[in-house]
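Please read all numbers here as calculations on a predicted model, not as lab measurements.
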Amino acid sequence: LNVVIRESTDSFESYEYSKAKTVVEQFFWGDFCDNYLEIVKDRLYSKEDARKESRDAALYTLHTVLLDSLKMIGPFTPHVTEEIYQALFRDTVGEVSLHVSAWPKEDASWEDPAALALTVVAVLVLPLVMNSLWTKILTSAAIYALAASGTALLYAGYLGGSGDDI
């Protein structure tokens, strides 16, 4: 998030609005929605008391990233971001509008090179694992469907048998 805040702020200050928009959109849809949400789902849905601290950390991160992303994309989509802000953040943030709230600031405590390296590995490996699992599931389903179809065709006499030999 720090890199996005830095790049977006620098782009705005140098009047490169399309670059600011692109940086935020790529981060939000690519990194946050496609990857982070997938990675933390298990932590969020866990009811185990032992995982409460992990769940709270994930919720804090979701809150922070969504709010800061809204602030950075707000100049480009003011009405939608304001509606989301009013529904989710106004009571806790306290500002009357997203568009008068403070611009996001970098926080050095968020930077952890080891965690970033692990995240990069997870982001690269997770799609491969998911693709492999779905391939196995779909292959199994296809084999089952073909077997069921073949059995039905056999019973109907379309595969040269009477169905009595099954």
Side-chain angles (χ1 to χ4, degrees), residues 1-139 141:
L1 183 59
N2 273 347
V3 172
V4 177
I5 293 170
R6 183 179 319 118
E7 288 182 12
S8 178
T9 302
D10 291 348
S11 295
F12 268 109
E13 290 174 350
S14 61
Y15 304 102
E16 297 178 80
Y17 303 120
S18 66
K19 182 178 177 187
K21 181 177 182 267
T22 300
V23 166
V24 176
E25 284 179 338
Q26 287 177 347
F27 166 75
F28 185 78
W29 292 113
D31 297 332
F32 183 65
C33 292
D34 289 347
N35 298 320
Y36 186 74
L37 291 177
E38 284 297 322
I39 292 169
V40 300
K41 267 195 248 183
D42 181 58
R43 290 166 57 192
L44 293 173
Y45 295 130
S46 176
K47 302 289 186 212
E48 299 171 29
D49 289 339
R51 298 189 72 192
K52 183 181 181 334
E53 188 175 324
S54 177
R55 184 174 51 251
D56 290 347
L59 286 171
Y60 172 81
T61 301
L62 290 172
H63 179 274
T64 302
V65 171
L66 182 55
L67 179 58
D68 285 353
S69 295
L70 285 174
K71 290 177 179 183
M72 291 184 286
I73 204 71
F76 306 106
T77 56
H79 302 289
V80 172
T81 53
E82 185 65 28
E83 283 294 320
I84 296 169
Y85 175 82
Q86 293 296 324
L88 300 178
F89 297 102
R90 182 176 179 187
D91 293 339
T92 57
V93 174
E95 293 291 345
V96 68
S97 171
L98 172 71
H99 303 291
V100 297
S101 63
W103 186 258
K105 299 214 180 305
E106 294 179 63
D107 185 339
S109 70
W110 295 343
E111 295 189 21
D112 183 348
L116 181 60
L118 286 174
T119 303
V120 168
V121 170
V123 165
L124 293 173
V125 170
L126 187 62
L128 298 174
V129 171
M130 293 306 293
N131 188 26
S132 174
L133 289 173
W134 278 112
T135 300
K136 288 178 183 175
I137 290 168
L138 293 176
T139 301

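- To the nearest 0.5 Å, atom CG of residue Leu88 and atom CG of residue Leu67 are 10.0 Å apart.
- Note that CH2 of Trp29 and CD1 of Ile73 are 10.0 Å apart. Values are rounded to the nearest 0.5 Å.
- Residue Thr9 holds its OG1 atom at 7.0 Å from CD of Glu106, rounded to the nearest 0.5 Å.
- Not one N or O on the side chain of Asp68 forms a donor-acceptor pair closer than 3.5 Å with the backbone of Pro104.
- In this structure Phe27 satisfies the ring-ring contact (aromatic ring centres under 6.0 Å, His included) test with no other residue, sequence neighbours excluded.
- Side-chain atoms of Thr22 come within 3.5 Å of backbone N or O of Ser18 as a donor-acceptor pair.
- Between the side chain of Asn35 and the backbone N or O of Gly30 there is at least one donor-acceptor pair closer than 3.5 Å.
- By the 4.5 Å heavy-atom criterion applied to side chains, Cys33 and Phe28 are counted as neighbours.
- Taking each heavy atom of Glu48 and Arg55 in turn, the nearest pair found is O-NH1, 3.6 Å.
- In terms of heavy-atom proximity, Val24 sits nearest to Ser69 at CG1-O, 4.1 Å.
- Across Arg51 and Ser46, no two heavy atoms sit closer than the pair CD-OG, 3.5 Å.
- Between the OG atom in Ser8 and the NZ atom in Lys71 there is a gap of 12.5 Å [rounded to 0.5 Å].
- Summarising the geometry, atom CG belonging to Leu1 is positioned 9.5 Å from atom CZ belonging to Phe32; distances are rounded to the nearest 0.5 Å.
- Between Lys19 and Asp10 there is no salt bridge, since no side-chain N of the basic residue sits under 4.0 Å from a carboxylate O of the acidic one.
- For residues 79-96, every residue pair satisfying the side chain to side chain donor-acceptor pair (under 3.5 Å) rule, not counting sequence neighbours, is listed here: Glu82-Gln86, Glu82-Ser97, Gln86-Arg90.
- At distances below 3.5 Å, at least one donor-acceptor pair connects side-chain atoms of Ser101 with backbone N or O atoms of Leu98.
- Annotation: the span from Leu44 atom CG to Leu37 atom CG amounts to 8.0 Å, rounded to 0.5 Å.
- Listed by chain and residue number, Phe12 satisfy the ring-ring contact (aromatic ring centres under 6.0 Å, His included) test with Trp103 (two or more places apart in sequence, or in another chain).
- When every heavy atom of Ala57 is checked against every heavy atom of Arg43, the shortest pair comes out as CB-NH2, 3.9 Å.
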Exercise. Tell me, with the steps shown, if Thr64 and Tyr60 meet side-chain contact (heavy atoms from CB on, under 4.5 Å).
Key: CA-CA 6 Å; Thr64 302; Tyr60 172 81; 3.5 Å; yes
